[in-house]
Amino acid sequence: MVNSLLTSDEIAKHNSAASCWVIIHGKAYDVTDFLPEHPGGSKIILKYAGKDATEEFDPIHPPDTLDKYLDRSKHMGEVDMSTVTVEAKAVDPLESERQENIKNKPALEQCYNLLDFEAVAKRVMKKTAWAYYSSGADDEITLRENHSAFHRIWFRPKVLVDVEKIDMSTTMLGAKVSIPFYVTATALGKLGHHEGEVVLTRAAAKHNVVQMIPTLASCAFDEIVDAREDTQVQWLQLYVNKNRAITKGIVEHAERRGCKALFITVDAPQLGRREKDMRVKFDDNGTSVQSTSGEALDRSQGAARAISSFIDPSLSWKDIPWFRTITKMKIVLKGVQRVEDVIKACEVGVDGVVLSNHGGRQLDTAPSGIEILAATMPVLKEKGLDKKLEIFIDGGIRRASDIVKALCLGAKGVGIGRPFLYAMSAYGLPGVDRAMQLLKDEMEMNMRLIGAPAIADLNDTMVDTRAVALHSTPIEDALSLGAYDPLIAPAFRSK
Ligand SMILES: Cc1cc2c(cc1C)[n+](S(=O)(=O)[O-])c1c(=O)[nH]c(=O)nc-1n2C[C@H](O)[C@H](O)[C@H](O)COP(=O)(O)O
């Protein structure tokens, strides 16, 4: 262990695969031996060999990554940062426009719905972050369909019902919640906000909303759990690793740390082709959570490919009973997309399914969760299976009226992804807090206007789903399209 302060000249000597040191937060690390093991490949590290890599390291890696995975003997000591010169970055024309947008950012109070956050986030986020969060697979048809499918379902409201008192509370997998939505798992939270997923944890605590912790979080799993308030419920989202011992360790640790349910993601044996993400040639690394995978990766495929090589594409129905042997947590399959698989899920005895296409990021032209739900529930009822498991949906939920439609059709609750990422990226914790409060205000109004004082009063007679499968009836989705030219601030009107 070297004790005296290291200078940048000394570190600059270690700038090759033969001897590779990097500076992270004012400390020098010898990562030579780690190069071949790095999930993101060696190229990205060699780009910063002999230099300060802190800025690129932070959005992707939990802070405890080096302590957890790099032997102490490779921690070379403190650096005299006065000797480190910050390299002038090539001026990115988009960056100066982004800085201008940040300066003209609308006040948080000017965001009246979840799409307003998207409009602001699009203009103030770094392009790599926007590309990763916003992208869908291929032509992004399912990405758009997830939102527009809700516009093909119409309400059949009841009148003259006493709706003075509205109770939005319910339970999801046994957890009492104040409103039937949860923060779904979305990877790489630090791309959008330097604190990452813990911002979502804090907002969820304030609103008594469940948070699903992603396998591919930027924050360390324990950091997210430590940020939880005592009565707050967290679930774990799991990408199953080819190395089942790693998966077993992650699941057992999550249960020890108090997670209440395990959501096994089943729609991503390979991550989809998200071309916006690929275009920005994401050249950062994956997270440390699965850092023992190590296969060399094709880094030109954007963040998605860079962080998912460990996922086991051989996972199949025969593997599901094994999970019962390693945990007592509730088990839910996330990413089921047809009623036949919901029936199989009943047969293997899981506690729930999420009808989801991964936010349109996987198989393009897969149907929306709400359309699958509308087709599934009548079949389950006919077979007497509708109470066998809890059904959730996610994808494209941007209004409380979308939540109400899902509950009328039999969902227990809904997952929301991008809107909270955009609110966090544009306004931090206050943004996510406002987004959740807006949904609560909308939910109370919607329940009052549909004639349902409590969640139990919502049922399928209150919706008309005849058009939901008729994809040829495009609704002029002005607001969502208009979200890209919002009226919320002249500065953001399209030029
Ligand atoms: C937006 C987003 C979604 C991701 C997501 C990352 C982002 C940025 N990631 S991903 O990198 O692998 O694709 C995950 C993930 O880690 N695991 C997962 O199960 N779903 C992942 N999803 C899907 C997510 O859980 C929901 O299914 C989806 O976000 C719901 O759609 P909305 O965004 O429209 O609410």
Side-chain angles (χ1 to χ4, degrees), residues 163 165-185 200-201 203-213 225 228-238 254-255 257-264 323-324 327-334 336 342 345-346 349-356 369-370 373 376-377 380-381 384-394 397 400-417 420 436-437 439-444 446-448 450 452-460 462-463:
V163 285
K165 287 198 182 53
I166 296 293
D167 177 4
M168 299 182 273
S169 70
T170 182
T171 61
M172 295 195 291
L173 297 171
K176 252 191 103 27
V177 292
S178 61
I179 184 167
F181 71 74
Y182 57 86
V183 180
T184 190
L200 302 172
T201 312
K206 182 167 176 193
H207 292 275
N208 184 21
V209 156
V210 176
Q211 178 191 18
M212 191 188 296
I213 300 174
V225 173
R228 178 178 75 202
E229 291 189 10
D230 47 9
T231 55
Q232 191 177 351
V233 172
Q234 289 174 322
W235 298 333
L236 173 71
Q237 173 272 322
L238 182 74
E255 185 165 10
R257 292 297 327 258
C259 278
K260 297 294 178 231
L262 172 64
F263 281 63
I264 303 170
F323 288 94
R324 271 283 178 244
T327 181
K328 297 243 176 327
M329 289 190 283
K330 301 261 184 193
I331 296 175
V332 178
L333 303 181
K334 176 178 184 288
V336 174
V342 178
C346 293
V350 294
D351 301 289
V353 293
V354 185
L355 303 180
S356 166
I370 191 72
L373 180 66
T376 294
M377 285 318 274
L380 293 188
K381 282 184 182 150
L385 293 174
D386 54 311
K387 301 274 183 283
K388 195 97 164 74
L389 40 64
E390 294 194 7
I391 297 198
F392 302 92
I393 74 163
D394 73 25
I397 289 148
S401 52
D402 301 335
I403 303 175
V404 171
K405 290 174 184 174
L407 268 70
C408 284
L409 290 174
K412 199 74 171 104
V414 305
I416 298 177
F420 296 142
M436 291 184 176
Q437 190 52 51
L439 275 177
K440 283 186 165 177
D441 298 344
E442 286 184 12
M443 188 79 184
E444 180 176 350
N446 281 301
M447 286 179 69
R448 188 160 279 130
I450 199 173
I455 296 293
D457 299 313
L458 295 171
N459 62 60
D460 59 5
M462 299 170 131
V463 283

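We use all heavy atoms of the structure for the numbers below, so side chains are in, but hydrogens, waters and symmetry mates are not.
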Quick one: does [X]'s side chain get under 4.5 Å of [Y]'s, heavy atoms only?
{"X": "Arg228", "Y": "Ile213", "value": "no"}
{"X": "Val404", "Y": "Ile450", "value": "yes"}
{"X": "Val414", "Y": "Asp402", "value": "no"}
{"X": "Cys408", "Y": "Val463", "value": "yes"}
{"X": "Leu407", "Y": "Asn459", "value": "no"}
{"X": "Leu333", "Y": "Val354", "value": "no"}
{"X": "Met436", "Y": "Val209", "value": "yes"}
{"X": "Gln211", "Y": "Trp235", "value": "no"}

Asn446 versus Ser401, side-chain donor and acceptor atoms under 3.5 Å: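 No pair is found: no donor N or O on one side chain lies under 3.5 Å from an acceptor on the other.
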Contacts of type side-chain hydrogen bond (donor to acceptor under 3.5 Å, both in side chains), residue [X], not counting sequence neighbours:
{"X": "Thr184", "value": "none"}
{"X": "Arg448", "value": "Glu444"}
{"X": "Glu229", "value": "none"}
{"X": "Glu442", "value": "Arg399"}

Reported [atom1]-to-[atom2] distance for the pair [X] and [Y], which is rounded to 0.5 angstrom:
{"X": "Phe263", "Y": "Leu238", "atom1": "CZ", "atom2": "CG", "result": "12.0 Å"}
{"X": "Lys412", "Y": "Ile455", "atom1": "NZ", "atom2": "CD1", "result": "9.0 Å"}
{"X": "Leu385", "Y": "Thr376", "atom1": "CG", "atom2": "OG1", "result": "11.5 Å"}
{"X": "Met462", "Y": "Leu409", "atom1": "CE", "atom2": "CG", "result": "12.0 Å"}
{"X": "Ile403", "Y": "Met447", "atom1": "CD1", "atom2": "CE", "result": "11.0 Å"}
{"X": "Lys405", "Y": "Leu373", "atom1": "NZ", "atom2": "CG", "result": "13.0 Å"}

Residues forming a side chain to side chain contact (heavy atoms under 4.5 Å, CB included) with [X], sequence neighbours excluded:
{"X": "Ala185", "value": "Met212, Pro214, Gln237"}
{"X": "Thr327", "value": "Val251, Glu255, Leu262, Met329, Ile331"}
{"X": "Asp386", "value": "Met377, Leu380, Lys381"}
{"X": "Lys206", "value": "Asp433"}

Set of salt bridge (Lys or Arg N to Asp or Glu O under 4.0 Å) partners for Asp457, sequence neighbours left out: none
Partners passing salt bridge (Lys or Arg N to Asp or Glu O under 4.0 Å) against Arg324 (at least two apart in sequence or in another chain):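 Salt bridge (Lys or Arg N to Asp or Glu O under 4.0 Å) list for Arg324, sorted by chain: Asp351.
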Considering all heavy atoms, the nearest Ala345-Val353 contact: CB-CG1, 3.6 Å
Leu439 and Phe420: CA distance, side-chain angles, deciding distance, side-chain contact (heavy atoms from CB on, under 4.5 Å) verdict: CA-CA 11 Å; Leu439 275 177; Phe420 296 142; 4.1 Å; yes
Residue that, paired with Ile370, satisfies side-chain contact (heavy atoms from CB on, under 4.5 Å) out of Ile393, Leu355, Ile397: Ile393
Gln234/Val225 under side-chain contact (heavy atoms from CB on, under 4.5 Å): CA gap, chis, key distance, verdict: CA-CA 8 Å; Gln234 289 174 322; Val225 173; 3.8 Å; yes
Under 3.5 Å donor-acceptor, Gln232 side chain and Thr201 backbone: yes
Scan the side chains in residues 172-183 for donor-acceptor partners under 3.5 Å anywhere in the protein, sequence neighbours excluded, and list what turns up.
residue	atom	partner	partner atom	Å
Ser178	OG	His207	O	2.6
Ser178	OG	Asn208	O	3.4
Ser178	OG	Lys440	NZ	3.4

